[in-house]
Amino acid sequence: MSKTKQRCGYVAFIGRPNVGKSTLLNRLVGQKLCITSRKPQTTRHRVLGIKTTKDTQFIFVDTPGMHIDNKHAMNRYMNQAAKTAVHDVDVIVFVIDGTGWTEGDDLVVERISHTEAKIVIAVNKIDKLDKKEALLPLLQKLSELKNISEIIPLSATKGHHVDTLEKTLESMLPEAEFFYDEEQVTDRSMRFIAAELIREKLIRRLGKELPYALTVEIEEYSVEKGMLQVGAVIWVERDGQKSIVIGKNGSMLKEIGRQSRLDLEKMLGQKVFVRLWVKVKEGWSDDARALRSLGYTDDF
Ligand SMILES: Nc1nc2c(ncn2[C@@H]2O[C@H](COP(=O)(O)OP(=O)(O)OP(=O)(O)O)[C@@H](O)[C@H]2O)c(=O)[nH]1
Ligand SMILES: [Mg+2]
């Protein structure tokens, strides 16, 4: 009996902010590797999620939502991270929101138009539609786009038709030996994921504007007496923001620490102790050097 050939390749999730790219990656990998929130521009880094089945290794690439504003250093960093992914992968999953097409989607179409990768469209959030017929005008529009291999309506949160997407992607990957060990699920360190989980709690809890002005830097990550000690600095841009993050009598910071601890304990299956500080570094998000020193250092 001949041995089945292995398939292995890169699949990038591309789309405007907030359409569910990170939620979809987490669902496919079966683990929470990427942070998600209701606010746009949650993902800032490229993150790999690796899924290995018997004969196939999917290397999923989560990317920041593509958006128009390129003036700010942080936005430039995010757009660059998404743009690079478009050119280095075998398949692009162009994720759109099933409730409607926007100008932001037009921008994505333009940016992926020169790729040599195959393109699949995932029409996400179909659980939000009362009737399936509501999708028809959108599907009509999508059928006019060029070079699209497949269009799959699905729901990342409910898991509907995510298996169809997986099967489709599997058939599109090239025959190749696995790049990563079968047990490996991401290219990122646990230290990075810890910082991201803390940032997720902040984004979810704080007002609309504040998330963009903060980042998290891990200062301590060590095991003492069987307990993981995580110490992190939350960097903000102004004193006023610092007091919001700390909250009345430290209540907000305490709650952020508690939720981060619970998530980390669930992920690692061990006791975790989280210590947080808030510090001000004026204008860090628009300063290329400050960005690099805070870990925004991918080589593009
Ligand atoms: N109802 C519904 N909500 C969804 C679905 N998928 C994602 N969401 C929600 O949409 C919001 C955005 O999800 P994310 O996964 O963070 O979106 P993203 O595309 O990674 O966003 P950025 O990283 O900001 O570009 C979150 O509140 C998710 O829970 C879905 O299938 N149905
Ligand atoms: Mg995301």
Side-chain angles (χ1 to χ4, degrees), residues 11-49 60-70 72 74-86 92-105 107-108 111-112 120-132 134-135 138 151-166 186 188 192-193 195-197 199-206 208-212 214-215 263 285 296 298:
V11 178
F13 296 91
I14 306 281
R16 66 176 161 87
N18 213 36
V19 290
K21 299 177 293 297
S22 304
T23 309
L24 190 51
L25 183 145
N26 289 342
R27 167 67 70 173
L28 282 157
V29 178
Q31 270 198 52
K32 181 167 167 177
L33 296 173
C34 299
I35 64 166
T36 67
S37 90
R38 262 187 284 174
K39 301 194 180 96
Q41 300 182 35
T42 298
T43 303
R44 288 180 179 166
H45 303 270
R46 233 173 342 154
V47 178
L48 297 190
F60 295 118
V61 190
D62 190 22
T63 68
M66 284 182 170
H67 53 286
I68 297 162
D69 180 8
N70 238 348
H72 206 74
M74 169 66 86
N75 286 323
R76 273 201 301 277
Y77 171 89
M78 287 161 67
N79 272 327
Q80 195 59 40
K83 205 167 132 194
T84 310
V86 171
I92 286 174
V93 179
F94 173 19
V95 185
I96 63 172
D97 185 325
T99 59
W101 184 268
T102 71
E103 268 180 23
D105 297 304
L107 177 85
V108 179
R111 293 205 182 149
I112 63 176
V120 173
I121 301 186
V123 184
N124 192 26
K125 308 195 186 184
I126 55 162
D127 56 289
K128 282 173 109 177
L129 302 170
D130 290 337
K131 290 196 218 114
K132 276 204 206 107
L135 266 184
L138 184 59
I151 298 170
I152 305 172
L154 50 81
S155 167
T157 44
K158 305 268 186 216
H160 300 155
H161 305 303
V162 174
D163 53 343
T164 313
L165 174 65
E166 184 174 326
T186 182
R188 295 289 183 167
F192 171 87
I193 293 176
E196 287 286 271
L197 285 175
R199 194 166 65 80
E200 177 186 77
K201 306 298 166 281
L202 289 157
I203 292 180
R204 288 183 176 185
R205 291 299 300 248
L206 297 170
K208 210 167 164 222
E209 297 306 322
L210 210 51
Y212 307 109
L214 57 83
T215 193
D263 250 20
S285 70
Y296 295 83
D298 301 28

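For ligands, and for the atoms within them, numbers begin at 1 and follow the listed sequence.
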Test your reading of the model: is there a side-chain donor-acceptor pair from [X] to the backbone of [Y], 3.5 Å cut-off?
X: Thr186; Y: Gly49; result: no
X: Lys39; Y: Leu206; result: yes
X: Asp62; Y: Val47; result: no
X: Asn124; Y: Val19; result: yes

message: Would Thr84 and Arg46 count as a side chain to side chain donor-acceptor pair (under 3.5 Å) here? Give the steps.
response: CA-CA 9 Å; Thr84 310; Arg46 233 173 342 154; 5.0 Å; no

Chi angles and distances behind the side chain to side chain donor-acceptor pair (under 3.5 Å) call for Ser37, Thr42: CA-CA 6 Å; Ser37 90; Thr42 298; 2.8 Å; yes

task: Check each protein residue for a heavy atom under 4.0 Å from ligand 1 and list those that pass, ordered by chain and number.
output: Pro17, Asn18, Val19, Gly20, Lys21, Ser22, Thr23, Thr36, Ser37, Arg38, Pro40, Gln41, Thr42, Thr43, Gly65, Asn124, Lys125, Asp127, Lys128, Ser155, Ala156, Thr157

- prompt: Tell me, which pairs form a ring-ring contact (aromatic ring centres under 6.0 Å, His included) where one or both residues lie in residues 12-47, sequence neighbours left out?
  reply: Phe13-Phe60, His45-Tyr77, His45-Phe192, His45-Tyr296

- request: List for me each residue that meets side-chain hydrogen bond (donor to acceptor under 3.5 Å, both in side chains) alongside Lys32, sequence neighbours excluded, and say none if there are none.
  value: Glu200

query: Side chains of His160 and Asp127: do they bring a donor and an acceptor to under 3.5 Å?
result: no

message: Could you enumerate the protein N, O or S atoms under 2.8 Å from the Mg ion (ligand 2), written like residue then atom name?
response: Ser22 OG, Thr43 OG1

